Amino acid sequence: MTELLVVLSLVVTLAIVLVLVGYLLAIIYVLWTSGTTLKNLAGGLVAVRDNTQPLPDDIPAINGALATLLESLLKVNGNLAAIVKVAQGKT
């Protein structure tokens, strides 16, 4: 009877150890893939930083072009409003 209890205890202990080893291997795998993903993310962020670095120099030119475009679009809007009034007979 004692031998049976010793064998069962060893089997249960071995099962627990194997389950723990499985969980630890799964944790190692997840941490390894997370590290790889973080490396890729860091590389992407460096690329974004490098690609957006010249923007502060270009923003005044973009802003000036958009202001010119706004003036032209407002003139077109006024012309279209006048056409609508003529078409509706409200002149």
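Model, not experiment: these values are computed from the prediction. Residues take their numbers from the sequence shown, with the count starting at 1.
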[X]: hydrophobic cluster co-members (side-chain, 4.5 Å):
X     : answer
Val6  : Leu10
Val46 : none
Trp32 : none

Considering residues at least two apart in sequence or located in another chain, which fulfil the side-chain contact (heavy atoms from CB on, under 4.5 Å) criterion with [X]?
X     : answer
Ser34 : Val30
Ile16 : Val12, Leu20
Gln88 : Val84, Lys90
Asn40 : Thr36

Please report, to 0.1 Å, the donor-acceptor pairs under 3.5 Å made by any side chain of residues 48-58, with sequence neighbours excluded.
| residue | atom | partner | partner atom | Å |
| --- | --- | --- | --- | --- |
| Asn51 | ND2 | Ala47 | O | 3.2 |
| Thr52 | OG1 | Val48 | O | 2.8 |
| Thr52 | OG1 | Arg49 | O | 3.4 |

Donor-acceptor pairs under 3.5 angstrom involving side-chain atoms of residues 67-75: please list them, not counting sequence neighbours.
| residue | atom | partner | partner atom | Å |
| --- | --- | --- | --- | --- |
| Thr68 | OG1 | Gly64 | O | 3.1 |
| Ser72 | OG | Thr68 | O | 3.2 |

Please check if Leu14 and Leu5 belong to a single hydrophobic cluster, counting links between Ile, Leu, Val, Met, Phe, Trp and Tyr side chain heavy atoms closer than 4.5 Å.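 No; tracing contacts between hydrophobic side chains, which count when under 4.5 Å, never links both residues.
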
